[in-house]
Amino acid sequence: MPELSNRFDFKTVDDKWSTYWERENLFHARPDPKKKPYTIVIPPPNVTGILHMGHALNNTLQDIIIRYKRMNGYETLWMPGTDHAGIATQNVVEKQLALEGKNRHELGREAFVARLWDWKKQYGDTIIHQLKKLGASCDWQRARFTMDEPYSAAVKQVFVRLYRKGLVYRGEYIINWCPRCHTALSDEEAEHRDIQGSLYHIRYPFKDDPDRYVTVATTRPETMLGDTAVAVNPKDKRYKNLIGKTLLLPLMNREIRIISDEFVDPKFGTGAVKVTPAHDPNDFEMGKRHNLEFVNIMHPDARLNEQAGDYEGMDRLEAREAIVETLKEAKLLEKTEPHVHAVGHCYRCHTIVEPYLSKQWFVKMKPLAEPALRAVKSGKIRFYPKRWTKVYMNWMENIRDWCISRQIWWGHRIPVWYCIGDGHCTMHCKEPIVSETVPEKCPHCGSANLRQDEDVLDTWFSSWLWPFATLGWPQKSEDLAYFYPTSSLFTAPEIIFFWVARMIMAGYEFMGDLPFSDVYIHGTVRDTKGRKMSKSLGNAIDPLEIIEEYGADALRFSLIINSGQDIFISKEKFEVGRNFANKMWNASRLILMNTAAVDPSFDLAAAAKTKDLDLPSLWILSRFHATLGKVGAAIEKYQYSEAESLIYDFFWANFCDWYLEIIKDRWSDPVTQNIAFTLLEQSLKMIHPFMPFVTEEIWSQCHAGAGSISRKPWPAGHKQLVNKKAEERMQTLISLISSIRNLRSHWNVKPNEKIQCHLSSKSKDQLSLLQDNETLLKNLMRADLLTIDGRAAETKNSAATIVEDIKAVVPLSGLIDVGRERDRMLGQIEEQKRATKGLDSRLKNREFIKKAPKDIIEKEKERLKSIHEKIRELEQIVSSLEQ
RNA sequence: GGGCACAUAGCUCAGUUGGUUAGAGCGCUGCCCUCACAUGGCAGAGGUCGAAGGUUCGAAUCCUUCUGUGCCCACCA
């Protein structure tokens, strides 16, 4: 046996095994008709990214179940890959360009996209390498990217199919516009945050009577430059007579009419609303209803345009101040009140988005939502925890059309061409040519002068195909037939709308089947103050740093065991995992040092049946098999932190603290060796999904050359080895030992001092247990320092006797503060007496006797009896102290 | 404005369908470097289970209301 360090050396071990796993291609999955498939597609991380705690958590969860299923005989495919992440990645590269003093327009589209591919090549796999460091057992050979050639083909086909079905359309609507990213966003990509703003009350004078006016209230005064009406509620008496009158829009001197519309809430503000059809979704609708003029006052970068008169060239917020100032001077600003309202922000750059009128491509969602809604309602697709079902349903039931075109360059170019024509263009040519392949000429006029749509598709328009496009769709493949539908999906709550819901819709629309049956929604990783981890807050803990400092197993284990709904984490929290890995390491060192004579064919289950095993062996076998069963059940129910607690408790509190201590003087016994070794080995398997590195390393020391533990079967559960009786007896023994230790500690008996106890015990059973296990006890109590007197059976009161015996062995003076001890005891007596009161009255309660289950009543009675006994005992101690 | 969740020890969380004395880890206190492990061992202190009502023989657990916190959704400008 080589010298092994008393510290688990994760630094060399982690790398050794992740390299080994990959080199041996251990996690490659292929269709195997003899086995059941278990498939997970990874939520593809963005190619911008480096691993953060959210990834670490997300992928640890997936790896646990994948490794567990693999050991349970499934053909497991964990499909890895990355997402091109349109806007996010483009932003990163644009920032890089800015550092060089350039921008994308100078570079031109082609060169810019080439640059993005360079970026992808250089940094795209960073996160994949980091996932390997985490121990993720993906089928790396299959790694996909959302802009791979075959994947792009799938995206194009989907667009064309939806267009032909009438589910993709182009139109001019108010969309969320990010003035910094220069692109449209979907409703989901605009994050609403409460902002402390102001409600400005502005006077709009009548054209005919400039001294009279209507006051409107707005949070965005700059948009008044685009006003083309003022609206009031038709039922509002205040304004009834004014409907149809003409006002003079201040600053612009444009004539605008007062219109009436049900939309207006008379209770809000002044009850009169300025209508800006080109800059507000509600006003847009009103504009259409009333045939108003749509005046767009903004450039795409949110500077005001030529429609803004004097304010042309100003930024929207700058203009707001200027306009308010001017209105104030003109005495047209009635008042300004503070007002909190939700303002949309770009989910990528956090700039305030602008409701902006523009021509975009949309997906009609209602028809797609129907089967997706049914799948969840019927329970075919289940959310864990269940409550997310409601969130999903609610969104789906109120689904709105999806704006899918983006005015950026990084992404799937929209497969649409427009005919520029050759000068003799007909009306037909206004229809776009939607095609999977590049069309050579216009099908209407034959012109070859075609221009492709400049826009690209929303990143999520490719992500929503992930569960089947990664398996080869639209080609019919063996993989697709075998691995689809996938089994489970793991993601964060904020991704439900972006991705989960849309994958379900796409699954039904294009595969005619659900994409996965279980959706596990995990919490967000936060700091201990409950704030989201982010670079800008400076509270982020870098998982790679944790891997360096504590090891990947520690990162994984600690993250999971600390996970409630959300995970509040600080650096010290990772010590649990590190310490546990180290404990496993040292326990196995002890076992490996002492099990030279292990019989490789030893069958634990058989031995338990035929051999006459002692109590500690029966007990530890029972504990192991009880734990094993519960761990498996917990994993199946996605209760990971529960599973880890069970493992931690078994391995540390049972196996190490008691079993290994008890057998310390019996290593020469071959049965003991075999039990210890086998239990270690099976524990390793049970722990492997959670801590792959340390278990693989120890496994390799147990079985040199026997192959990776990751491909070994999960330990067979033997229910018959779960032995309630042995557990109870051992528990009694443990509590007796603990109380003796308690006394030693309490009376401050030094380790080298002898304690002689007359242990009287209430039941003969306990006493015989003690006598049967005297050697064991001595061993645990530091050999020879405890003697158990056979007279114990005659002694009536244990605690008092112990006091007396301690008095005999250790000089009492200086050890016991008699007065204080007496008070303490008296306090305890009071406490116990109080406890009897409740019990007494309950047992005298006729209702209780009548209605409560019998066993409960019996137990209560026994309890009362034992409390009375305890009181008597305590009283004796007090009297012995008083002597 | 609507919805969801949470509130248990100083901190982070368990607590299954109501049923003995509400658990664990970290932290804290005391004693131990004992030949696997001080990233360790043993022992201990610490909780009127957010508040008030109600149902019940019995409530941390079920119901109602309230307070506080977090998250999501929403076109009241």
Side-chain angles (χ1 to χ4, degrees), chain A residues 4 6-8 174 192 199 216-220 223 231 263-265 267-270 272-276 280-285 339 341-342 355 385 387-388 390-391 394-395 398 493-494 496-497 523-524 526 528 530 550 554 561-570 572-573 575-594 641-642 645 648-649 653 656-657 660-661 664 737-738 741-746 748-751 780-783 831-832 835 838-839 842 845-853 855-860 862-864 866-867:
Chain A
L4 291 172
N6 63 357
R7 284 285 147 72
F8 170 54
I174 298 270
H192 290 271
L199 193 59
V216 298
T218 180
T219 54
R220 294 187 299 152
T223 61
F263 163 79
V264 180
D265 177 0
K267 287 194 279 295
F268 187 88
T270 61
V273 187
K274 58 189 269 322
V275 183
T276 323
D280 183 279
N282 300 308
D283 296 3
F284 175 78
E285 294 300 328
H339 181 70
H341 60 144
R387 63 194 152 89
W388 295 108
K390 216 169 165 181
V391 175
N394 187 47
W395 186 76
N398 300 298
E494 63 267 24
I496 295 176
F497 308 140
T524 310
R526 300 170 182 282
T528 43
Y550 297 89
I561 204 159
N562 277 299
S563 61
Q565 288 194 22
D566 279 355
I567 300 178
F568 300 86
I569 212 98
S570 60
E572 310 82 64
K573 289 272 163 80
E575 287 173 7
V576 197
R578 178 198 61 182
N579 295 355
F580 187 54
N582 198 50
K583 189 73 182 178
M584 286 175 58
W585 174 252
N586 280 300
S588 60
R589 220 156 49 98
L590 170 72
I591 294 169
L592 290 171
M593 270 190 277
N594 288 291
S641 85
E642 164 77 3
S645 304
Y648 188 89
D649 198 50
C656 292
D657 285 353
L660 291 183
E661 291 299 330
K664 261 187 174 164
I737 292 168
S738 292
R741 284 174 176 167
N742 181 352
L743 284 162
R744 290 185 66 96
S745 176
H746 180 70
N748 202 12
V749 181
K750 293 272 180 278
L780 289 172
M781 297 296 300
R782 306 266 132 261
E831 206 174 290
Q832 295 294 330
L839 273 174
R842 213 179 313 164
N845 186 327
R846 234 176 286 155
E847 294 291 311
F848 175 69
I849 301 293
K850 208 161 56 185
K851 291 185 182 166
D855 56 318
I856 297 284
I857 297 175
E858 279 312 304
K859 279 180 187 169
E860 299 273 85
E862 291 218 352
R863 202 181 130 212
L864 187 63
S866 80
I867 291 180

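So that the names make sense, note that chain A is the first sequence line, chain B the second, and so on, each numbered from 1.
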Take atom [atom1] of [X] and atom [atom2] of [N], then tell me their distance rounded to the nearest Å.
{"X": "Glu572(A)", "N": "G27(B)", "atom1": "CD", "atom2": "P", "answer": "9 Å"}
{"X": "Glu642(A)", "N": "C13(B)", "atom1": "CD", "atom2": "P", "answer": "16 Å"}
{"X": "Asn394(A)", "N": "C72(B)", "atom1": "CG", "atom2": "C1'", "answer": "10 Å"}
{"X": "Asn562(A)", "N": "A14(B)", "atom1": "CG", "atom2": "P", "answer": "11 Å"}
{"X": "Glu575(A)", "N": "U12(B)", "atom1": "CD", "atom2": "P", "answer": "17 Å"}
{"X": "Arg578(A)", "N": "C37(B)", "atom1": "CZ", "atom2": "P", "answer": "16 Å"}
{"X": "Asn586(A)", "N": "U34(B)", "atom1": "CG", "atom2": "P", "answer": "15 Å"}
{"X": "Trp388(A)", "N": "C73(B)", "atom1": "CH2", "atom2": "P", "answer": "10 Å"}

Separation of the [atom1] atoms in [N] and [M], to the nearest angstrom:
{"N": "G50(B)", "M": "U56(B)", "atom1": "P", "result": "23 Å"}
{"N": "U65(B)", "M": "G3(B)", "atom1": "P", "result": "12 Å"}
{"N": "A9(B)", "M": "G46(B)", "atom1": "C1'", "result": "6 Å"}
{"N": "C13(B)", "M": "U29(B)", "atom1": "P", "result": "24 Å"}
{"N": "C28(B)", "M": "G70(B)", "atom1": "P", "result": "29 Å"}
{"N": "C72(B)", "M": "U16(B)", "atom1": "C1'", "result": "28 Å"}
{"N": "G41(B)", "M": "G47(B)", "atom1": "P", "result": "26 Å"}
{"N": "U48(B)", "M": "C4(B)", "atom1": "P", "result": "31 Å"}

Any chance you could measure [X], atom [atom1], to [Y], atom [atom2], to the nearest 0.5 Å?
{"X": "Phe284(A)", "Y": "Thr276(A)", "atom1": "CZ", "atom2": "OG1", "result": "13.5 Å"}
{"X": "Met584(A)", "Y": "Asn579(A)", "atom1": "CE", "atom2": "CG", "result": "13.0 Å"}
{"X": "Thr223(A)", "Y": "Lys274(A)", "atom1": "OG1", "atom2": "NZ", "result": "2.5 Å"}
{"X": "Arg220(A)", "Y": "Leu199(A)", "atom1": "CZ", "atom2": "CG", "result": "12.5 Å"}
{"X": "Glu642(A)", "Y": "Ile561(A)", "atom1": "CD", "atom2": "CD1", "result": "10.0 Å"}
{"X": "Glu572(A)", "Y": "Tyr550(A)", "atom1": "CD", "atom2": "OH", "result": "6.5 Å"}

**Message:** Are His339(A) and Phe268(A), when compared by the centres of their aromatic rings, separated by less than 6.0 Å?
**Reply:**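 Yes, the ring of His339(A) comes within the 6.0 Å limit of the ring of Phe268(A), centre to centre.
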
Restricting to non-hydrogen atoms, name the atom on [X] and the atom on [Y] that form the minimum distance, rounded to 0.1 Å.
{"X": "Ile174(A)", "Y": "Pro355(A)", "result": "CG2-CB, 3.7 Å"}
{"X": "Trp585(A)", "Y": "Phe8(A)", "result": "CD1-N, 3.5 Å"}
{"X": "Glu661(A)", "Y": "Asp657(A)", "result": "CG-O, 3.1 Å"}

Grab the N/O contacts between the protein and nucleotides 57-59 of chain B below 3.5 Å, and write none if there aren't any.
from   : atom 1 : to        : atom 2 : distance (Å)
C57(B) : OP1    : Lys851(A) : NZ     : 2.1
C57(B) : O2'    : Asn845(A) : ND2    : 3.4

**Asked** Side chains of Leu590(A) and Leu660(A): closer than 4.5 Å at any heavy-atom pair?
**Response**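 Yes, at least one pair of side-chain atoms sits under 4.5 Å.
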
**Prompt:** Under a 4.5 Å cut-off applied to non-hydrogen side-chain atoms, are Arg7(A) and Asn586(A) in contact?
**Reply:**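 Not in contact.
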
**Prompt:** Toward the 5' end of RNA chain B, which comes first, Tyr648(A) or Asn594(A), by nearest nucleotide?
**Reply:**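 Final value for this comparison: Tyr648(A).
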
**Prompt:** Which comes earlier along RNA chain B counting from the 5' end, the contact point of Phe497(A) or that of Lys390(A), where each point is its nearest nucleotide?
**Reply:**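 Upstream on the strand: Lys390(A).
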
Pick out the pairs of N or O atoms, protein on one side and nucleotides 75-77 of chain B on the other, that lie under 3.5 Å.
from   : atom 1 : to        : atom 2 : distance (Å)
C75(B) : OP1    : Arg400(A) : NH1    : 3.1
C75(B) : O2'    : Asn282(A) : ND2    : 2.8
C75(B) : N1     : Asn282(A) : OD1    : 3.2
C75(B) : O2     : Asn282(A) : OD1    : 3.0
C76(B) : O2     : Asp265(A) : OD2    : 2.3
C76(B) : N3     : Asp265(A) : OD2    : 2.9
A77(B) : N6     : Asp265(A) : O      : 2.8
A77(B) : N6     : Phe268(A) : O      : 3.0
A77(B) : N1     : Asp265(A) : N      : 3.3

**Complete:** Here RNA chain B, pairs taken as Watson-Crick or G-U under 3.5 Å and shown with ( ), [ ] when crossing and | when to another strand, reads (((((((..((((.....[...)))).(((((.......))))).....(((((..]....))))))))))))....

**Prompt:** Angle class for the Tyr648(A)/Phe580(A) ring planes (parallel below 30°, perpendicular above 60°, tilted otherwise)?
**Reply:**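 Tilted, since the angle between the ring planes falls between 30° and 60°.
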
Just to confirm, is there a sub-4.0 Å distance from OP1 or OP2 of [N] to any side-chain nitrogen or oxygen of [X]?
{"X": "Arg387(A)", "N": "A5(B)", "answer": "no"}
{"X": "Asn6(A)", "N": "A38(B)", "answer": "yes"}
{"X": "Asn579(A)", "N": "C37(B)", "answer": "no"}

